[in-house]
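Reading through the C-alpha cells given below for one structure.
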Amino acid sequence: MKILLTGFEPFAGEKLNPSWEAVREIGNRKIEGMEIETLCLPTVFGRAIEVAVRAMEKFNPEIVICVGQAGGRSEIGIERVAINVNDASIQDNEGKQPVNEPIAEGGPAAYWSTLPIKSIVRAIREEGIPAEVSNSAGTFVCNNIMYGVLNYLAQERINCRAGFIHIPFLPEQAINFPGKPSMSLETIILGLKTAIKTAAKIEKDEETPGGRTH
Ligand code: PCA
C-alpha cells in the first residue's frame, strides 16, 4: 500500500509545525506493510498544491493524507469537506492574503473527503486519544491543499483516496498561548498512525454514527 503523507512548514511566526514534526517521525519509524512517502509542504496558497501534485505524479499513491496544525483545537480533527475558497485572515509564508477568491474558477463548491472519516475517529478514540469529525478545514492553506488534492484526483480520474487531518498545538507551542490546549508529539504520532492504518484497511464508512451531534 503506497501512502503519501504530508505536513506543513511553520507559519504565523511559529518555530515549528507539529504536522511536519509528526509526519517526518512516522516516515522515519515506518509502518509494516506500507510504503510511506513523506513531504513537507510550503504554507503558501497554490504552491502547496503544486508540490503535492508533483509528488503524486511521481509516487502514484493509493492514499493521500495531508496533515496540518489547528492551533486552539483540543482534538485530532478528521476533516469532512474542503470548500472552493481562499479567504485568509493572516498572510501565508509568501505574504499572500487572498480574500473571497475561488481555488478553482468554475470548480465544484466543495469536495468530500474520500477517507473513512468516522472509522478513523472511532479507531483513534479506541487508542484513548481525543478525535472528532471536523466539518470545516477553514479557508486558509489547509483547506486549499485539501481542495487542490481532491480536485486534481477528480479531474484526472485517479483512483486514490485522500483527505485532511488537523492536529492541535504541541505543549511547547501552547505555553505561548495561555488557555489553549495541546497534545504531545507521541500522542499525535499514535493518532496519525492509527488513521493511516484505518484508511488502508477500510475503504468506506459504514452508515453508523461516529462523530458528535454538537
Ligand atoms: N495549518 C494551516 C496551514 C498550515 C497548517 O499547518 C491551516 O490550518 O490552514
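We count ligands from 1, going down the list as the structure has it; atoms in each ligand are counted the same way. Model, not experiment: these values are computed from the prediction.
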Compare all side-chain heavy atoms of [X] with those of [Y] and state whether any distance is below 4.5 angstrom.
X    : Y    : result
F164 : H166 : yes
N60  : K2   : yes
L16  : E172 : yes

As a check for students: among A70, C142, P42, G71, identify the option with a heavy atom nearest to atom 9 (O) of ligand 1.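 Among A70, C142, P42, G71, the closest heavy atom to atom 9 (O) of ligand 1 comes from C142.
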Give the numbers and elements of all ligand 1 atoms closer than 4.0 Å to a heavy atom of [X].
X    : answer
H166 : 7 (C), 8 (O)
V141 : 3 (C), 9 (O)
F8   : 4 (C), 5 (C), 6 (O)
N17  : 5 (C), 6 (O)
Q69  : 1 (N), 2 (C), 5 (C), 6 (O), 8 (O)
G68  : 6 (O)

Should T43 be counted as touching ligand 1, given the test is an N or O pair under 3.5 Å?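 So ligand 1 has no N or O lying under 3.5 Å from an N or O of T43.
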Pair [X] + [Y], salt bridge at N-O below 4.0 Å:
X    : Y   : result
E186 : R29 : yes
R73  : E79 : yes
E50  : R47 : yes

Nearest heavy-atom pair of G163 and S113: which atoms, and what distance?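 Nearest heavy atoms, G163 then S113: CA-OG, 3.8 Å.
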I need the contact type for N143 against ligand 1. Using non-hydrogen atoms and a strict under-4.0 Å cut-off, is it side chain, backbone, both or neither?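 It is neither; nothing of N143 touches ligand 1.
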